[in-house]
Amino acid sequence: MNGARVSGPRFNLAEGVLQRPYRTWVEVSLRQIADNFDAIRNVVTPSVEVMPVVKGNACGHGVVEVATALCARGARWLAVSSVEEGVTLRQAGIKARILVLADFLPWSRAAAIQHSLTPVLYDLADLKVWDRLNESAGQVGNYHLKTDSGLWRLGTREAASDIVSAIRACPHIRLEGLMTHFAAAADYSSSQTEEQIACFLQLAAGLAESNVRPRYLHMAGTVPVAYRRTEAWQTLVRPGHAIYGYVAPASGADAPPRALSVRPVLTWKASILSIKDVPPGARIGYRGTYCAPAPMRIAVIAAGYADGIPHQLANRGMVIAGGKLVPIVGAIAMDLTIVDITASPHLQAGDVVTVLGSEGGVSIDAQQLGELAGTSSYSVLCGITQRVTRVYV
Ligand SMILES: *Cc1c(COP(=O)(O)O)cnc(C)c1O
C-alpha cells in the first residue's frame, strides 16, 4: 500500500510502516474500473457511446479518482446527478463532456453554463430558460431532453408536436440527446421495459418526422447492457453499477444469460480493536439482542454504522475473519461491530477483517451484503461514508 494515493482521513500513526494503517478503509482498484469500462464497450461495440455514470461520489468509490481513470481509458462522456458533482469534476481538471442527470434547479443553472456542463431538461418550459441563459452567454448550448416513458419520475410527457414547437422557439440551444429511464429493466416477467422502449422510439420517430434528430438516443443503464437488450442501446448507454463491477440479477423465466463480465473494484477492511472470550449466557452488544449459546470468542471491529455498515446487519451480517465467513453478533453500533470469531481463534487485536471483498478463498460482495440487510448493492456501496479512507491501488 506504500505510495498508494489516499483520500479521506489521513491520520496515520505509522506512515510507511504498516500494511494496514487505518481503523477501516476501502481499497479501490482503478485498473478494474477501467477494465469494467472496457468490458462494457466490448459488449456494445464502438457504434454505441458509453457514458459512465459517476453520481453519488462514483457510488462511494471517489468521483475524481474514478473519473480520472475512466477518462484515461478513453471515456468521452460522464454522467453525474447534480451540478455540484459536475463542478467537482471540472475543478479536478476533467475535460470530458459531463451530463447532469437531475438538476436544473434555478440556482444551479449559472454554474452549469460557467463549467460547461450539459443539463438534462425534463420539463418543456425549461427549454426557454436554458435558451435565454445561453443567449446571454453568447453561445449555443447543448442539452438532452428526458421523456417519461413510464417510470413517472423525471421527464416530460408532452407529445412530439409540442416538443417540436418548444425546440423551434429556442434558437440558442441544441437538442443533442433524447433519453428516458427504465423502471424495472431486470424484470423479464413483465412487459414494462418493452412498453417503455416502444413509447420512447415512437416519440423519437415523431420528432424525426419534423426533422428533429438528436445525435444521441439513450435509455439503458447497466442491466440492458448486461443482458443484451439491444433495442435499448440506440446510440449511447449510461452504465453506473457495472462500472463498479456489479450487475443486478435478472428475474423471470425469460431472463437471458448475462453477456457482460465485470468484477467488483472495491474491498472494505476493518481492524480488530479487541478480542475476548465470552461465557454462555452473556448478552452481547446494545440492548442485549444476542445471547451467547455456548462459550465463544468475539472480536470488536473498528467500523460501525457511521462508517456505513448497515444497521440491519445486526445478528444477520457476515464478515471474513481469518479467511472464514463469520457472523455479526448483536447490534451494529455507531463505530463498532462485534463478530463471532470462535472459528478463527488465532486472530489478535490489530489484525484485519474483510467487510467486503475476498480473503482466503471466500468472498462477500455488496450484492450479498445488501440481501442480508434487506437493501441493495447500490445502497451498501453508496453508504460507505467519508470517514472511511479510500486507498487507490
Ligand atoms: C443512475 C442512473 C443510471 C445508471 O444506472 P445503473 O443501474 O447504475 O447502471 C443511468 N441513467 C440514469 C438516468 C440514472 O439515474
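In listed order, ligands and their atoms are each counted from 1.
Of the listed residues (H241, K55, M219), the one carrying the non-hydrogen atom nearest atom 2 (C) of ligand 1 is K55.
The aromatic rings of Y227 and Y188 lie perpendicular to each other, with more than 60° between the two planes, well past the 30° mark.
In terms of protein heavy-atom proximity, atom 10 (C) of ligand 1 is nearest to R238 O, 3.3 Å. For atom 7 (O) of ligand 1, the closest non-hydrogen atom of the protein is Y378 OH, 2.6 Å.
Between M318 and L369, the shortest heavy-atom contact is O-CD1, 4.0 Å.
Of all atoms in ligand 1, listed by their number and element, those nearer than 4.0 Å to a heavy atom of K146 are 13 (C). Heavy-atom contacts of G221 reach the following atoms of ligand 1: 9 (O) (cutoff under 4.0 Å).
Using a 4.0 Å heavy-atom cutoff, P239 is listed among the residues neighbouring ligand 1.
At least one N/O-N/O distance between G240 and ligand 1 falls below 3.5 Å.
Paired with K55 under the rule side-chain contact (heavy atoms from CB on, under 4.5 Å), one option of S81, S82, C382 passes, and it is S81.
Put simply, the side chain of V247 does not reach to within 4.5 Å of the side chain of V225, judged on heavy atoms.
For W77 and H144, the ring centers are positioned less than 6.0 Å apart.
Contacts between H218 and ligand 1 below 4.0 angstrom, taking non-hydrogen atoms only, are absent altogether. With a heavy-atom cut-off of 4.0 Å, H181 touches ligand 1 through its side chain alone.
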Verify ring pair (Phe, Tyr, Trp, His ring centres under 6.0 Å) between H241 and Y246, making sure each step is shown before the conclusion. CA-CA 5 Å; H241 224 35; Y246 287 93; 5.5 Å; yes
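Other residues, nucleotides and ligands place no more than 12 heavy atoms under 6.0 Å from the CZ atom of R263.
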